[in-house]
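Single-structure report; data block below.
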Protein chains: 2
Amino acid sequence: MSEHHHPVSAPCAGDLFGGSRLSAARRAIAEAVRSLGGAFTAEELHAAVSATHAGIGVATVYRAVAAMSAAGALAPVGSRDGSTLYALCAGGDHHHHLVCTGCGTVVGIECPVDGSLLSSAKSAGYTVTAHEVTLYGLCAACAACAAERD
Amino acid sequence: MSEHHHPVSAPCAGDLFGGSRLSAARRAIAEAVRSLGGAFTAEELHAAVSATHAGIGVATVYRAVAAMSAAGALAPVGSRDGSTLYALCAGGDHHHHLVCTGCGTVVGIECPVDGSLLSSAKSAGYTVTAHEVTLYGLCAACAACAAERD
DNA sequence: TCCTTAGTGAGAATGATTCTCAGATGCACG
DNA sequence: CGTGCATCTGAGAATCATTCTCACTAAGGA
């Protein structure tokens, strides 16, 4: 579906995979990632792809997720029931993610790791090379739904 | 080793498990957690326990890790080769961890998630309920070792 | 168009973690 | 100092996410 011409500004499959080869399977997977819209597990992604393009193997989905992660288009944003959750990653600048634990929507947030934290690490003798920050919460819709349930 | 009398301020096995029952196996596991000193996987913890107290099953170690995590005495601090890394958690105040990727030593760091980040999340419609922050880097010894290797 | 090489699908393999179950043991209570 | 029973334990099977293998296909530069 949606086989119309899309504007060049919309992220197309090629962007998600960086420089790697673009196959029919990967095009379908990129489309499914966009259609999911929020955080998803590899299994959910496989199910979404299968709904429109049957016959794509689980291993291919895992490989695609790895490729998109390597390209920086996808980021792990926690886990659910033992499976890793991934989400489409916003533009190229350094940021982190806030995940709605109700519906899985994800928004980018600025990085809270500032110089003072790094220098206090430095004074403890540590050189920081990487960090991970993820916030969890409820989006407006899910918060309203939860409040109503009480 | 270090079988001297320790002051009451040192965390004893009971503290690590909160209110749950204290068995010989759990005492041995608590001792091993302390002897490891840094981040460890469940498998490494099992190996450490087995070195001094043979016959403790893997399932018991996993159960103990779950109990200590529930009691807040242990926290997950990333993963290595697909296994979760845990580390002894400092006192009861809110903090996060900085893990040396060389030797696994862990230090507590203050939480960088401040009001401004939360309020910007709020203005995006999100209510933040939890967050995860972990820094990775090299301790002084491992940094020196890495520099020397060049 | 051809060739090289990355990507693919199916299913087996791997490996961390959890579950099951019968038996052992803390520990609260008397 | 018993006793009762809920909790904990060990062994190994089971689960299940993820990765690997391998023969095959197809992208895309030359």
Side-chain angles (χ1 to χ4, degrees), chain A residues 12-33 39-71 73-87, chain B residues 12-33 39-71 73-87:
Chain A
C12 62
D15 292 334
L16 298 185
F17 286 97
S20 51
R21 204 172 278 183
L22 193 50
S23 65
R26 289 191 167 190
R27 246 186 306 268
I29 291 169
E31 185 185 312
V33 164
F40 54 84
T41 64
E43 189 186 3
E44 288 163 354
L45 177 55
H46 180 239
V49 175
S50 300
T52 56
H53 299 74
I56 290 181
V58 162
T60 298
V61 171
Y62 275 98
R63 281 184 291 237
V65 166
M68 289 188 280
S69 295
L74 225 55
V77 292
S79 65
R80 187 172 60 218
D81 299 330
S83 340
T84 305
L85 285 174
Y86 295 92
Chain B
C12 61
D15 293 333
L16 298 186
F17 286 98
S20 51
R21 201 171 277 184
L22 192 49
S23 64
R26 290 190 167 189
R27 246 186 307 268
I29 291 169
E31 185 185 310
V33 164
F40 54 85
T41 64
E43 189 186 3
E44 288 164 355
L45 178 54
H46 179 239
V49 174
S50 300
T52 55
H53 300 74
I56 291 181
V58 162
T60 298
V61 170
Y62 275 98
R63 282 183 290 235
V65 165
M68 289 188 280
S69 296
L74 226 54
V77 293
S79 64
R80 188 174 58 217
D81 299 329
S83 341
T84 306
L85 285 174
Y86 295 92

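A, B, ... follow the sequence lines: proteins, then strands. Residue 1 opens every chain.
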Judged by nearest nucleotide, the residue sitting upstream toward the 5' end of DNA chain D, B:Val61 or A:Ala24, is B:Val61
When rounded to the nearest 0.5 angstrom, what is the spacing between CD1 in A:Ile29 and OG1 in A:Thr60?
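Separation between the atoms: 6.5 Å.
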Once you round to the nearest 0.5 Å, how far does CG of A:Leu85 lie from CG of A:Leu45?
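Answer rounded to 0.5 Å: 12.0 Å.
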Over all heavy atoms of both residues, which pair between [X] and [Y] is shortest? Give the atoms and the distance, please.
X       : Y       : answer
B:Ala42 : B:Val61 : O-CG1, 3.7 Å
B:Phe17 : B:Met68 : CE2-CG, 3.5 Å
A:Ala71 : A:Leu16 : CB-O, 3.5 Å
A:Arg26 : A:Arg63 : NH2-O, 4.3 Å
A:Ala39 : A:Glu44 : O-OE1, 4.2 Å

Can you measure [X] atom [atom1] to [N] atom [atom2] for me and round it to whole angstrom units?
X       : N      : atom1 : atom2 : value
A:His46 : D:dC16 : NE2   : C1'   : 15 Å
A:Tyr86 : D:dA17 : OH    : C1'   : 10 Å
A:Leu16 : C:dG7  : CG    : P     : 15 Å
A:Leu45 : D:dT18 : CG    : P     : 12 Å
A:Asp81 : C:dT18 : CG    : C1'   : 13 Å
A:Arg27 : D:dG28 : CZ    : C1'   : 12 Å
B:Leu22 : D:dT7  : CG    : C1'   : 13 Å
B:Phe40 : C:dA16 : CZ    : C1'   : 16 Å

DNA chain C: A:Arg63 or B:Arg63, which has the more 5' nearest nucleotide?
A:Arg63
Where are the stems of DNA chain C, defined as at least 3 consecutive Watson-Crick or wobble G-U pairs with both distances under 3.5 Å?
C:1-30 with D:1-30
Within the structure, does a side-chain N or O atom of [X] lie under 4.0 Å from either OP1 or OP2 of [N]?
X       : N      : answer
B:Arg26 : D:dT9  : yes
A:Tyr62 : D:dT18 : yes
B:Ser23 : D:dT9  : yes

Classify the nucleic acid contact of A:Ala59 as base, sugar-phosphate or nothing, counting any heavy atom under 4.0 Å across all strands shown.
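Answer is base: heavy atoms of A:Ala59 come under 4.0 Å of a base.
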Of the nucleotides [options], which has the atom closest to the [X] side chain?
X       : options                : answer
B:Ser20 : D:dC8, D:dG10, D:dA17  : D:dC8
A:Ser83 : D:dT18, D:dT9, C:dG26  : D:dT18
B:Arg21 : C:dC27, C:dG9, D:dT9   : C:dC27
B:Thr84 : C:dT25, C:dC19, C:dT17 : C:dT17
B:Val58 : D:dT18, C:dT17, C:dG9  : C:dT17

Just by modelled atom types, is the A:Ile56 backbone N or O under 3.5 Å from a matching donor or acceptor in the A:His46 side chain?
yes
